[in-house]
**Q** 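Following this message is one structure expressed as C-alpha cells.
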Amino acid sequence: MKTPRRGDPTAPARARGRPPRRGNACGLAAILLAVAVTPALAQDAPDVAVRDDLADYRRIHVDVTLPRSTERRAIQVWIAGAPFDSLRDAELHSTIWIGDTSALPRTPIVEAYDACWIDALPIHRDANGAAVLDTAVEAFSCALPGMIPGVEHWLAVVSVDARGDPLHPIVSVSGRTNALDERTPPPDTRPVLFALGAIVLSLVVLLTYLRWRDATHGRRGARLAHLYVAPAVIALAVLTFYPVSYGIWLAFTDAHQSHLGEQSWVGITNFATIFVTPGIARVSLFTLLWAVANVSMHVCLGLLIATALTRPGLRGRTVYRTLLLLPWAIPGYISVLAWRGMLEPAGLLNAVLGTDLDWLTQPGAARTLVILVNIWLGVPFMMMAMSGALQSVPQEMMEAAEVDGVGRWRQFRHLTLPSLKSVVVPLSLLGFIWTINMFHVIYLMTRGAPYVGFGEPGATDILITYVYDVAFEYGNYGVAAAWSVAIFLILLGFSWLYLKKTRALEAIS
C-alpha cells in the first residue's frame, strides 16, 4: 500500500495534518458573528392587520400589535406600490414616537392628519403635533390617509431604534380602500338669482315711476336722465348693496363650509363669539397702532415733501415728483413682494449688512417692518394730494405775511395749515379707513406670522387679515361675517365722531 506524501493534495485531511471539518466551523462562527453584530434583526416584526371592511375615503384602517422591546424608539409606517422587503423600495408615510405621554394632550381624531387611537381614545401628541405612544402600549390602530381609491397599496409597520435602524425584518402587507371620490352636488343658486332678479326688477320699476312722475309734473328738461343713471344704479345695487346685505344676514347664522347653504339663524351668538376670541385684545391694539402710525406718517411726510416741492425757485420739481411717485405707481403687490424678498435671510438687506437674520420671524421686528413698508407705499399718494391742496392756498396772503415779517414756520402754522384743514381732514379719514382695510401688505409679507398661539391671530395680523383666516382657513363664514359687521360699525362710528369733532366739512358748506 502506497503511503501518501505530505505534500500530495490528494492525501486525506488527517494525513496532511489539518484539523477536520474546518469549513463548517468557520461558517458557524460567521453566523454567530452576524447575529452578534446585528442583534436588532433578531426581534419580531409588529403584527399588522388590515381592516378592508373599515376602509374610509382615501384611508386604510390598520390594527397593529407590538412585540415587547426595550430598544424601540419609534414606529414608522412605510408604503409602496408593490411588495417590498427593503426600506429603499418604499416611502416613509408617518412616524409615531415612543416616550412618556403622562403630560401630553390627546388631539381629537378629526383634527389629525394621521389619525391614530388606542382603545377608542386619540393618541397623544407633542407640541409639534407628532404622535407619541407610551412605552407600555402593546396595540393601537390608525387610519392611514393619502391612499388612492381602488389601488392596492403595500405597507409595513417598522420598529426602529434610536439611530433609525429597523429592529426586525421588513414584512409588507397589502391593503386598499374602495371608497370612491364623491363630488359635492352643485349648490342651489336659485335663491341668489331670485334675489338679484327682484332687485333689478324693483329698480327698473322705480326708475320708470320716477320718469313718469317727472313727465306728469312737466319736468321735460332731462327726459333721458333716468335711462342714463339706470346702469350705474343697478350695478351698484347688485355688486355692492346686495353682497353687503347678504353678509349682514350671514352674521346672524351658523354659516360654515361644512354645511354650505344649510345655515340656520343663531341670533347674536356670532357677535358674542368674537368678543371671547383668544388674542382679540392684542390684534385690536395692533390694528389701532397700525392705522394711527401709518396715517399720521402718511399725512406728515406727505405734507412735508409737498411743502418742500412747492417752494418758489426749486429746480427739477417735475423730476422729484416723478421719482417720489414711483412707489405708488408700481402695483402694490409687486412692491410688497419685492420688500419681502429683500428682507429674507438671503435678501438684499442682509447682503448689505453682512448678516443672515430672518427679519420677519420676531414679532416686534415683523410689526415694525410691515408698518414701514406700508408707510413707504402710502406717502407718494398723500404727497400728490397735498401738492394740489397747497397750490390752492392764496399766494397774496403768504406774500402779505412775509412783508409783515412773519417767519416761515408761523406762516405754515397759522396760515397754511388752517387753509388745508378742509383737505387734510377728509384725506386723513379716508386714509384711516383704507389702512384699517389694508389686506395685501400684511398678507403678502407675513400672512399674519409669526404665530403666537394655536387658534389665535398672528403677531402681525390686523382685524381684516384675521377675518380672512376665519372665513377661508377655518371656514367659519358666520363668525367672519359678524367680524365684518363689527369692523363696519367701528369705522362708521369713528368717521361720524371724527367729522363732528373736526367740523372740517362745515367750512365747505
Side-chain angles (χ1 to χ4, degrees), residues 126-129 274-302 304 327-328 330 332-382 428 431-474 480 483 486-487 490-491 494:
D126 60 14
N128 298 322
I274 66 178
F275 289 105
V276 297
T277 301
I280 176 60
R282 174 175 51 79
V283 71
S284 300
L285 288 176
F286 179 64
T287 303
L288 181 61
L289 173 64
W290 160 266
V292 172
N294 279 287
V295 174
S296 59
M297 294 304 296
H298 288 166
V299 173
C300 293
L301 292 178
L304 180 63
W328 189 67
I330 298 174
Y333 71 93
I334 295 179
S335 299
V336 175
L337 291 177
W339 273 105
R340 178 179 174 84
M342 289 188 291
L343 295 173
E344 291 289 340
L348 178 63
L349 183 60
N350 282 318
V352 173
L353 299 178
T355 59
D356 58 349
L357 301 176
D358 195 347
W359 299 91
L360 299 177
T361 57
Q362 298 299 323
R367 293 189 184 107
T368 303
L369 288 170
V370 294
I371 291 176
L372 291 177
V373 169
N374 197 52
I375 290 174
W376 182 81
L377 289 172
V379 166
F381 169 77
M382 199 65 67
S428 301
F432 186 85
I433 296 174
W434 290 339
T435 307
I436 288 290
N437 293 312
M438 186 67 66
F439 174 79
H440 71 281
V441 174
I442 299 292
Y443 184 80
L444 294 177
M445 279 201 68
T446 63
R447 296 201 68 173
Y451 298 102
V452 295
F454 181 76
E456 296 187 15
T460 58
D461 262 324
I462 58 176
L463 288 176
I464 192 66
T465 59
Y466 179 63
V467 171
Y468 176 86
D469 290 338
V470 173
F472 300 105
E473 296 291 338
Y474 307 143
W483 270 111
I487 295 173
I490 292 172
L491 292 177
F494 172 80

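All figures in this text were calculated on a predicted structure; none of them were measured in a lab.
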**Q** Only pairs at least two apart or in different chains count here, so list each salt bridge (Lys or Arg N to Asp or Glu O under 4.0 Å) that has a residue in residues 289-299.
**A**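 Output for this query is empty, none listed.
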**Q** According to the side chain to side chain donor-acceptor pair (under 3.5 Å) rule, which pairs have a member within residues 441-453, sequence neighbours left out?
**A**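 Only Y443-R447, T446-T460, R447-E473 qualify under side chain to side chain donor-acceptor pair (under 3.5 Å).
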**Q** Partners of Y468 by side-chain hydrogen bond (donor to acceptor under 3.5 Å, both in side chains), sequence neighbours excluded?
**A**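 In terms of side-chain hydrogen bond (donor to acceptor under 3.5 Å, both in side chains), with neighbours along the sequence ignored, Y468 is linked to no residue.
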**Q** Can you tell me which residue pairs pass the salt bridge (Lys or Arg N to Asp or Glu O under 4.0 Å) test with a partner in residues 285-295, sequence neighbours excluded?
**A**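 Qualifying pairs: none.
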**Q** Can you list the residues that meet the ring-ring contact (aromatic ring centres under 6.0 Å, His included) rule with Y333, with sequence neighbours excluded?
**A** none
**Q** Main chain of I280, side chain of S284: is a donor-acceptor contact present, judged purely on distance under 3.5 Å?
**A** yes
**Q** Show me the side-chain donor-acceptor pairs of residues 355-363 shorter than 3.5 Å, one per line, residues at least two apart or across chains.
**A**
from, atom 1, to, atom 2, distance (Å)
T355, OG1, N350, OD1, 2.6
W359, NE1, N350, OD1, 3.2
T361, OG1, D358, O, 2.9

**Q** With sequence neighbours left out, write down each residue that passes side chain to side chain contact (heavy atoms under 4.5 Å, CB included) with M438, or none if nothing qualifies.
**A** W290, N374, H440, V441
**Q** List, one per line, each side-chain donor-acceptor pair under 3.5 Å for residues 336-349, sequence neighbours excluded.
**A**
from, atom 1, to, atom 2, distance (Å)
R340, NH1, M445, O, 2.0

**Q** Anything under 30° is parallel, anything over 60° is perpendicular, the rest tilted; go ahead and classify Y466 against W483.
**A** perpendicular
**Q** Do the side chains of W376 and S335 get nearer than 4.5 Å, heavy atoms only?
**A**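 Touching, per the 4.5 Å side-chain cut-off.
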**Q** Enumerate the salt bridge (Lys or Arg N to Asp or Glu O under 4.0 Å) contacts for residues 276-297, please, sequence neighbours excluded, ordered by first and then second residue.
**A** R282-E456
**Q** With sequence neighbours excluded, tell me which residues meet side chain to side chain contact (heavy atoms under 4.5 Å, CB included) with T368.
**A**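 Residues passing side chain to side chain contact (heavy atoms under 4.5 Å, CB included) with T368: L372.
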**Q** Between M297 and V379, is any pair of side-chain heavy atoms under 4.5 Å apart?
**A** no
**Q** Just jot down the side chain to side chain contact (heavy atoms under 4.5 Å, CB included) partners of A471, sequence neighbours excluded, or say none.
**A**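 If we apply the side chain to side chain contact (heavy atoms under 4.5 Å, CB included) test to A471, skipping adjacent residues, the hits are Y477, A480.
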**Q** Which residues pass the side chain to side chain contact (heavy atoms under 4.5 Å, CB included) test with I487, sequence neighbours left out?
**A**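 I487 satisfies side chain to side chain contact (heavy atoms under 4.5 Å, CB included) with I436, N437, L463, V467, L491 once adjacent residues are dropped.
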